[in-house]
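Quick note on labels: first sequence line is chain A, next is B, and so on, each numbered from 1.
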There are 2 protein chains.
Amino acid sequence: MSKIEERCLTMGIKMTGQRKIIAKVLSDSKDHPDVELLLQRATKIDPKISIATIYRTMRLFEENNIVERHEFGDGRSRYEETPRFHHDHIIDVNSGKVIEFQNDEIEKLQKQIVEDRGYNLVDHKLELYVKPKENKKST
Amino acid sequence: MSKIEERCLTMGIKMTGQRKIIAKVLSDSKDHPDVELLLQRATKIDPKISIATIYRTMRLFEENNIVERHEFGDGRSRYEETPRFHHDHIIDVNSGKVIEFQNDEIEKLQKQIVEDRGYNLVDHKLELYVKPKENKKST
DNA sequence: TTAACTGCAAACATTTTGCAACCGT
DNA sequence: ACGGTTGCAAAATGTTTGCAGTTAA
């Protein structure tokens, strides 16, 4: 049973065949797939799964904090299993590669910034768009 | 002449009647309007301006670094005149209000994080989603 | 003058939804 | 059995584009 499927049971989510497949596909993904890619991967297991089910399932998982949804600026949503330890993302704009990182000091500063202004932090998004260091500039 | 119109001239952008209106509307906006809102405001000056022109003009301005485009998670793009001093955003998820802030220490840490990994920072996005501090919790 | 711009409507891409059939508990 | 779930296709949403007519330089 996939990690995500376990989380679903904890949340009392009814696990249908399709949801199990989607849970497994995303649990096995080491990248940050979009709906199209999830559909491709799920289709290999169940060729008649529909994109509407992927959308509905990702929404369900997101509402239950089982997955995180990201918008990295390419127009569509991308997903990852909610990580046990929070991290942010570095996006290589040349290759599209996404690298995860963690920085406690920034986290602390964020909390402090909003609390100084009378707010509580409920969520945040930090994305660093980068290009590889090079001697020659590309493009 | 609006601040944005001046910037356009510097960039050698041909200033049509519609572009002048859109430039003025955005220069006068103190919030972060989306295309729909820009259209509403522009329509008060020229009732026959079209939404396609707003889209095309915002893209043109964005490509020339005259405006910044943001996606605050509500599905549509929102714009602001490219600020003379960089800042990030706090979004009050209850009211939708956007507050700008600046923190040099975080900026420095971001640069350091990517450079330690062999990259150059070309852009970044930092958004803090908050709720007002309260004694009672709402929702 | 003429290449670029505009308005309109159609096209697009992504996501959501209505509905009848289906399935898990 | 029955309420939730699925697949399909249609609709909704935000954005882009082809084209014929218009305009700024």
Does A:Arg59 have a side-chain nitrogen or oxygen under 4.0 Å from the phosphate oxygens OP1 or OP2 of C:dT17?
-> yes
In whole angstrom, what separates A:Lys20's NZ from D:dT5's P?
-> 14 Å
What does B:Arg56 touch in the nucleic acid at a heavy-atom separation under 4.0 angstrom: a base, only the sugar-phosphate, or nothing?
-> base
In whole Å, what is the span from the CD1 atom of A:Ile49 to the P atom of C:dC23?
-> 14 Å
Counting only side-chain N and O atoms of B:Arg19, is one of them less than 4.0 Å from OP1 or OP2 of C:dA4?
-> no
Quick one: which residue pairs count as a salt bridge (Lys or Arg N to Asp or Glu O under 4.0 Å) with a foot in residues 9-22 of chain B, not counting sequence neighbours?
-> none
For B:Asp46 and C:dC5, what is the distance between atoms CG and C1' respectively, to the nearest whole Å?
-> 14 Å
Using the six-membered ring wherever Trp is involved, compare the ring planes of A:Phe72 and A:His70 and label them parallel, tilted or perpendicular (cut-offs 30° and 60°).
-> parallel
Nearest atoms (heavy-atom pairs only) where A:Lys3 meets A:Ser27 | N-OG, 3.7 Å
Stepwise, does the salt bridge (charged side-chain N to carboxylate O under 4.0 Å, His left out) test hold for A:Arg69 with A:Glu71?
-> CA-CA 7 Å; A:Arg69 184 164 55 86; A:Glu71 285 170 33; 2.9 Å; yes
Is B:Ile51 touching bases, backbone alone, or none of the nucleic acid, heavy atoms closer than 4.0 Å?
-> nothing
Atom CG of A:Leu39 and atom P of C:dA13: how far apart are they, to the nearest Å?
-> 16 Å
Rounded to whole Å, the CG-P distance (B:Leu60 to C:dC5) equals 7 Å
Kindly say if A:Thr16 contacts the phosphate of D:dG4, meaning a side-chain N or O under 4.0 Å from OP1 or OP2.
-> no
Residue pair B:Lys48/B:Lys14 against DNA chain C: nearer the 5' end by closest nucleotide is B:Lys14
Nucleotide of D:dT15, C:dG7, D:dT6 approaching B:Thr53 most closely (side-chain heavy atoms) | C:dG7
For residues B:Asn65 and B:Arg7, report the shortest heavy-atom separation together with the two atoms involved.
-> O-NH1, 4.3 Å
Provide, to the nearest angstrom, the distance between the OH atom belonging to A:Tyr55 and the P atom belonging to C:dG18.
-> 17 Å
Between C:dT14 (P) and A:Glu36 (CD): distance, integer Å | 8 Å
Would you say D:dG7 has OP1 or OP2 under 4.0 Å from some side-chain N or O of A:Gln18?
-> yes
Roughly how many Å is it from CD1 in B:Ile54 to C1' in D:dT17, rounded to a whole number?
-> 17 Å
